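Notes to accompany the following structure.
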Amino acid sequence: MSKPVRVRFAPSPTGPLHIGGVRTALFNYLFAKKHGGVFYLRIEDTDQNRFVPGAEQYIFEALDWLGIAPSETVGKNEKFGPYRQSERKAMYQQYADALIASGNAYYAFDTAEALDTHRKQHEEHGKTFIYNHHNREKLDNSLVLSAEETQTRIANGEDFVIRFKTPVNETLHLQDIIRGDVKFETNLLDDKVLFKSDGMPTYHLANIVDDHLMETSHVIRGEEWLPSMPLHVLLYRAFGWDAPEFAHLPLILKPIGNGKLSKRDGDKLGFPVFPLEWQTAEGISSGYREAGFFPEAVVNFLALLGWNDGTDKEIFSLDELSQSFDLSRVHKSGAKFDPEKNKWFNHQYLVKQDDETLAKAFAPILYAKGIDVDYSTLVRIVSLIKERAHFVSEFWDLADYFFVAPSSYDEKAAKNWKEDTPQLMQRVIEVLSGIEDFASANIETILKDWMAQNEIGMGKVMQPFRLSLVGALKGPHLFDIAEMIGKDETVSRIQKAINTL
């Protein structure tokens, strides 16, 4: 790297942070860590009309939860502060004025009504209205007004914007780290508004000025910003500044069909598209944290949306991702979002958790049901069921029979209960009642020896036995269940099954 790596995530506080934005933050974080650089966060809140209370705090909380908090941001190591654009408002005017002075920008007094009229006139002739070199000298701006008239109109308080004067007849060959050479024709670009009539800069001006002043070395952002790349490079050129390197990340696509992943997809298919829950007057949008995902699992599956390390490896810690990450291995094409695969990732992280941690997470679910259980027993139960779970929230459905005797029996499984089963299970009760050491291995040895001596097939006993204890043909090792619930409860459940079935 020719200069120190400084990368940023620059979200707007206009609502909850979409999972696509989280991936952008993650890739910036990983790139910074890989190159010993700085990952900072800047809040881009110049559009006050779209500002949503609570959204800024949500962004910080989400990144903290995921373990990818910035090293510089609002209120933290503000080396190039402030890190909130609305607090930098006073500085942007001078840069807009500098572009006016250098001839790279101009004042435009066109009203919204006048522009709308031009738009409709173009549409009537099957054309698209673009404010650029084709017509800018026929419109209401300082390119056609004298300097005196321009200043008089400004002094009189007329509304105006400042537009960039896009160069004419240029072919821009720009380099993108992911996409290689990207070509743009300046004649097809419009003269973007840089400074609004309300005295606030647009995204384009504020973004460029801030990236320069904050010494951003690389701009890593979503593919939707690729059309803005020529304007941004031209702005750097107009200011006489060196542009950072650019990398535009592929879109995250819908699980089904084409197009960018949206909140509507999550609502329709039943999965979150936000890292944390978001509440509004209209309702609650679920988040990955509240859905029971481990932050490490979310980071892992997001990292593999559009990137891989060139191997078949799928499970990465954050440190491993930081060491392996390389923008040259980010794909150009979109990455399809797979909710079921994401559950698989969470399962991988769940089974790696120690049983004590999972037991502590499971305990509140039991307490809410009025069940008080010995902690060491709970740890053991968790060890028996976690291999079958994707989330801690699934533990109750996987383990309810450890705490409560079945009140009903699975109809399909009950077909294994034959005419001679009650008599056979009564004999099983006699065998179990005579066992002093009611440990799993001992129960299994004694009962299987008894079956062998009496030439009784395994299926004739084991399936009715499991059905009696669990209410279905599911669960971990049968004799582990028997040990955990104890001899008296085991016998009681078999007797209940005999009486019921």
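The analysis underlying the following values was restricted to heavy atoms, covering all of them including side chains, and did not include hydrogens, waters or symmetry mates. Since the model is a prediction, treat every value here as computed from it, not as a measurement.
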Could you tell me if the side chain of [Y] sits less than 4.5 Å from the side chain of [X], heavy atoms only?
X      : Y      : result
Ser324 : Trp307 : yes
Trp344 : Asp338 : no
Asp265 : Val273 : no
Val233 : Leu172 : no
Ile315 : Lys352 : yes
Ser12  : Glu44  : yes
Leu26  : Leu66  : no
Leu378 : Phe403 : yes

List the steps and the verdict of side chain to side chain donor-acceptor pair (under 3.5 Å) for His390 and Asn346. CA-CA 6 Å; His390 291 97; Asn346 206 63; over 6 Å; no

Take Asn308 and His331 through the test side chain to side chain donor-acceptor pair (under 3.5 Å) and record every step on the way to the result. CA-CA 9 Å; Asn308 66 60; His331 310 155; 3.2 Å; yes

Tell me whether the guanidinium CZ or amine NZ of [X] lies under 6.0 angstrom from the six-membered ring centre of [Y] and within 45° of its axis.
X      : Y      : answer
Arg153 : Phe160 : no
Lys341 : Phe345 : yes
Lys34  : Phe31  : no

For a quick test of reading the model, state the closest non-hydrogen atom pair linking Arg388 to Pro476 and the distance between them.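 Heavy-atom minimum between the residues: NH2-CA, 3.3 Å.
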
Can you see which heavy atom on Ile220 is nearest to which on Asn28, and at what distance?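 Minimum heavy-atom contact is O-ND2, 2.9 Å.
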
Tell me whether [X] contacts the main-chain N or O of [Y] through its side chain, where contact means a donor paired with an acceptor under 3.5 Å.
X      : Y      : answer
Asp45  : Arg84  : no
Lys386 : Gln353 : yes
Lys76  : Pro70  : yes

Quick one: salt bridge (Lys or Arg N to Asp or Glu O under 4.0 Å) partners of Arg237, sequence neighbours excluded?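 For Arg237, the residues satisfying salt bridge (Lys or Arg N to Asp or Glu O under 4.0 Å) (neighbours in sequence not counted) are Glu170.
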
If the condition is ring pair (Phe, Tyr, Trp, His ring centres under 6.0 Å), which residues does Trp241 pass it with, not counting sequence neighbours?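 By the ring pair (Phe, Tyr, Trp, His ring centres under 6.0 Å) rule, Trp241 matches Tyr95, His212, Phe239.
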
Residue pairs fulfilling ring pair (Phe, Tyr, Trp, His ring centres under 6.0 Å) with at least one residue in residues 274-298, sequence neighbours excluded: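 Sorted result for residues 274-298: Tyr58-Trp278, Tyr288-Phe293, Tyr288-Phe301, Phe293-Phe391.
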
Would Ser102 and Asn104 satisfy side chain to side chain donor-acceptor pair (under 3.5 Å), going step by step from the backbone distance to the final call? CA-CA 6 Å; Ser102 65; Asn104 287 293; 2.7 Å; yes

With respect to Asn141, which candidate in Tyr131, Tyr107, Tyr106 satisfies the side chain to side chain donor-acceptor pair (under 3.5 Å) definition?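 The residue from Tyr131, Tyr107, Tyr106 that satisfies side chain to side chain donor-acceptor pair (under 3.5 Å) with Asn141 turns out to be Tyr131.
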
Assess, by modelled atom type and distance only, whether the side chains of Glu277 and Ser286 contain a donor and an acceptor separated by less than 3.5 Å.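 Checked: Glu277/Ser286 side chains show no N/O donor-acceptor pair below 3.5 Å.
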
Nearest 0.5 Å please: distance from the OH atom of Tyr29 over to the OG atom of Ser71.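 Atom-to-atom, Tyr29:OH and Ser71:OG are 9.0 Å apart.
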
ring-ring contact (aromatic ring centres under 6.0 Å, His included) between Phe271 and Phe337: does it pass, once the steps are laid out? CA-CA 11 Å; Phe271 63 86; Phe337 199 73; 5.4 Å; yes

Given salt bridge (charged side-chain N to carboxylate O under 4.0 Å, His left out), test Lys343 with Glu340 step by step and report yes or no. CA-CA 5 Å; Lys343 290 180 183 179; Glu340 292 305 313; 3.5 Å; yes

Among Lys79, Arg42, Arg6, exactly one meets salt bridge (Lys or Arg N to Asp or Glu O under 4.0 Å) together with Glu72. Which residue is that?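 Filter result, single survivor: Arg6.
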
